[in-house]
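Below is the structure I would like to discuss, written out as structure tokens.
Naming convention: chains lettered A, B, ... in sequence-line order (proteins, then strands); numbering from 1 in each chain. Given the structure is predicted, the values throughout are model-derived calculations rather than measurements.
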Number of protein chains: 2
Amino acid sequence: MARKSTDRSGRPTLVDVAKEAGVSAITVSRTIRSPEIVSAAARQKVEAAIRKLGYTPDPAASALASHSTSTIGLLVPSLTNNVFSDVLRGVYDGVEGTRYFVQIGNYRYSALEEEGLIRNFLSQRPAGLVISSMDQTPAARALLESAPCPVVQIMEIADRAVDMSVGFDQLAAVRAGARHLFDCGYRRPGFLSARMDPRAQRRLAAFRDFNEAAGVLDDRRIMTTPQPSSVGMGRLLMEQLLSRAPETDAVMCNNDDLAVGALMEAKRRNIPVPSMLGICSFNDIEMVRQMVPSLTAVASPRREIGVRAIAMLLAEIAEPGSVADRHVDLGYQMIARESTSRR
Amino acid sequence: MARKSTDRSGRPTLVDVAKEAGVSAITVSRTIRSPEIVSAAARQKVEAAIRKLGYTPDPAASALASHSTSTIGLLVPSLTNNVFSDVLRGVYDGVEGTRYFVQIGNYRYSALEEEGLIRNFLSQRPAGLVISSMDQTPAARALLESAPCPVVQIMEIADRAVDMSVGFDQLAAVRAGARHLFDCGYRRPGFLSARMDPRAQRRLAAFRDFNEAAGVLDDRRIMTTPQPSSVGMGRLLMEQLLSRAPETDAVMCNNDDLAVGALMEAKRRNIPVPSMLGICSFNDIEMVRQMVPSLTAVASPRREIGVRAIAMLLAEIAEPGSVADRHVDLGYQMIARESTSRR
DNA sequence: ACATAAAATGACAGCGCAATCATCTTTATT
DNA sequence: AATAAAGATGATTGCGCTGTCATTTTATGT
């Protein structure tokens, strides 16, 4: 025999609400999704019934019937990285108060894992996708191009974004840092970078280009490692740099952890900063400005990128094609502090 | 007319695979979910068909039919906090390679928001829930108690956990830090704490209790603020502490940000650490040990908590009631470093 | 060889909701 | 007052999968 729908789980359904309110199921559905097209009288009856029964819609049934979910997928290469925890915060601030949920995928700097995650996310019919990379595999790119939902790529400015993008000019930002060191009179600058993913590689290239043009490039002063970034790694790289190229008078660090590590290593060796060693960081998390001496940094708009990405996604979900500025450059800021201020 | 299922979305369904493989739909379903109960011959046909058609199951349909999803809900009070980003990493490491997904809810230190999120998560029929608090509203507790899925509460040891729990004895950990300062000969210890949520309150109470018993308590040396924790806040609190109680010879910091801030403020004022000022941190993120001088800390097993929580959840999902140790104490570690080492 | 148990497979219904199209009111228009 | 247009509501159907139970096939023991 057909069981009543509440029998099994004790959970009321649309039909239960409809009966309670004396309307049809579809009217209940409409009251929830677009209350403005339901008469005030019906709406009130339905709302009362919902409250009385403690009804909550079943997202699975909704997803199945409508072929879309309220999930926004977010793909990041790392959860450890401070950069992405700021982006994450922006993203969560962005969805706050909307009906959307964020699901995070961590592809751990692997393009192959990224492709798998994209496939996986798409099979869930997400409302939208935020992806923090421009370096997908061809297959992943193809998946994104034919994705049935809006996609925002974040972090870099887009010469080759699939759909929309928000970021800043990473190369110009690195050049700004290099130029700052040069302008402060440092003539033997080094470069520290961990985790040499494509983005880090590009930034290193930008650093080399600028310094080569300025006539102050020496590849002996470029210290990199494929290992993850950390403060300890910053100290290690700094140590290696100083033993290989003791003449080094400044370092550009590819992120904040490394810069703090470099500062600590300088402190341990009693190398005065900024007089004997200038330090410029990249990204500018809060800690950086609280160091003593405070660290000069190229600041990236991490949280804003997250917020804006969600805003673009939501606008595009609400009305496809409605987003006019599909490629947004949020800029960077060169913030001079004590670690490069020698007069 | 009934349309073929592939017509609309171009996406193959279970039925399409079944036809291709010459078996019934349910056999395909079983091949995916429990291949061991399908004959090798059928399995191979099905797998070939799946590959050929590029079939991916629709999680929404599965959720609707089976009344359960592959989503694990994770509720944290903050995304900014370093502590939770480590837990997050552990959680993601834990689900890595399983069929489960993590969905994060950020209740921003609000028990009311937490209750809303619990309600919301439960309406999605999650496979399990991880919750980083013991201080729910009564309504939220009731929801959790009747939740149709396993629940793990993390961070603290459980005197009143709903289902399972993983954490460590936060109060004993704080006492260990306070004792360490005492044992190092510091007799005028202060305490810095931001964001006075219930857990921070309890830790402060533990600090007071120990120091009162040791006869070295002075409430003037307890500096707190309801604002969020940050390195800058650590500096500010340290500054206020020193101006209010200049005799202070040590500080216990309620987390790493504050400790780093305290160290920086000491450095700015040329107060030698550890000789004139001892510093003990709480949690011990990587940065802390790389400071110069390196910071003594009470280390918390953050990542392990995440990993273990997921392990318990998965075991319990696989076979309800199978987890024997339902309340796990992962312990803490008192790590003495330079910032308290005065001989 | 036969009976019996176990393994493998399938038919069918239904999960809870929303798209579609049809029907019925109400309001505006001439 | 007649008619059109807009607004509100409902009946039906199916989304893609899995639970249940019945049926068929294969293995096991005597």
Side-chain angles (χ1 to χ4, degrees), chain A residues 1-46 50 53 55-70 99 123-125 127 148, chain B residues 1-46 50 53 55-70 99 123-125 127 148:
Chain A
M1 283 298 78
R3 294 172 298 203
K4 298 202 57 96
S5 43
T6 48
D7 278 4
R8 217 183 16 66
S9 63
R11 188 171 160 172
T13 71
L14 263 192
V15 173
D16 299 320
V17 176
K19 278 184 194 142
E20 176 73 29
V23 298
S24 72
I26 190 65
T27 298
V28 177
S29 175
R30 282 196 274 250
T31 308
I32 293 168
R33 290 181 300 153
S34 13
E36 70 281 2
I37 65 167
V38 175
S39 68
R43 199 185 323 160
Q44 277 165 21
K45 279 188 296 182
V46 170
I50 287 177
L53 300 181
Y55 170 75
T56 9
D58 183 332
S62 167
L64 183 59
S66 70
H67 294 287
S68 72
T69 65
S70 300
R99 65 185 200 87
S123 82
Q124 295 185 61
R125 310 179 183 282
Chain B
M1 280 295 79
R3 293 171 299 201
K4 297 205 56 97
S5 41
T6 48
D7 278 5
R8 218 183 14 65
S9 63
R11 187 172 161 172
T13 72
L14 211 50
V15 173
D16 299 320
V17 176
K19 278 184 195 144
E20 176 72 28
V23 299
S24 74
I26 189 67
T27 299
V28 177
S29 176
R30 282 195 275 250
T31 307
I32 293 168
R33 290 180 300 154
S34 11
E36 71 280 2
I37 65 167
V38 175
S39 69
R43 199 184 324 159
Q44 277 164 21
K45 281 188 294 183
V46 170
I50 287 177
L53 300 181
Y55 170 75
T56 7
D58 182 333
S62 166
L64 183 58
S66 71
H67 295 288
S68 72
T69 65
S70 299
R99 65 185 199 86
S123 82
Q124 294 185 61
R125 310 178 181 284

note: L14(B), atom CG; dC12(C), atom C1'; distance rounded to Å ~ 15 Å
Strictly by side chain to side chain donor-acceptor pair (under 3.5 Å), give each pair with a member in residues 33-43 of chain A just once, sequence neighbours left out.
S29(A)-R33(A)
Closer than 3.5 angstrom, by distance alone: can the side chain of R125(A) be matched with the main-chain N or O of P59(B) as a donor-acceptor pair?
no
Taking DNA chain C as the partner, which of residues 22-33 of chain A come within under 4.0 angstrom of it by heavy atom?
I26(A), S29(A), R33(A)
Using whole Å, what does the distance between atom P of nucleotide dC17(D) and atom NZ of K19(B) come to?
13 Å
Per atom distances to the V38(B) side chain, the nearest of dT18(D), dT9(C), dC15(D) is dT9(C)
Would you call R30(A) and I37(A) a side-chain contact if the rule is heavy atoms closer than 4.5 Å?
yes
Audit row: V46(A), V38(A), side-chain contact (heavy atoms from CB on, under 4.5 Å) steps and yes/no
CA-CA 10 Å; V46(A) 170; V38(A) 175; 5.9 Å; no
Expected list for residues 57-65 of chain A near DNA chain D, using heavy atoms below 4.0 Å, is L64(A), A65(A)
T31(B) meets the side chain to side chain donor-acceptor pair (under 3.5 Å) criterion, sequence neighbours left out, with none
Measure CD1/I37(A) against C1'/dA19(C) and give the value in whole Å, please.
12 Å
Just the rounded figure in Å: distance from P of dC17(C) to CD1 of I50(A).
10 Å
Kindly say if S39(B) contacts the phosphate of dA7(C), meaning a side-chain N or O under 4.0 Å from OP1 or OP2.
no
Report the residue (R43(B) or Y55(A)) whose heavy-atom-nearest nucleotide on DNA chain C is the more 5′ of the two.
R43(B)
Just how far, in rounded Å, is C1' of dT9(D) from CD of E36(A)?
15 Å
Side chain to side chain donor-acceptor pair (under 3.5 Å) filter on S62(A), not counting sequence neighbours, yields none
Result for side-chain contact (heavy atoms from CB on, under 4.5 Å) between I50(A) and one of V17(A), T56(A), L14(A) points to V17(A)
Where the side chain of A42(A) is defined as all heavy atoms beyond and including C-beta, which of dT9(D), dG16(C), dC17(D) is the nearest nucleotide?
dT9(D)
How long is the line joining NE2 of H67(A) and P of dA19(C), in whole Å?
9 Å
What heavy-atom pair brings A42(B) and T27(B) nearest, and what distance separates the two atoms?
CB-CG2, 4.4 Å
Who are the side chain to side chain donor-acceptor pair (under 3.5 Å) partners of S70(A), not counting sequence neighbours?
R99(A)
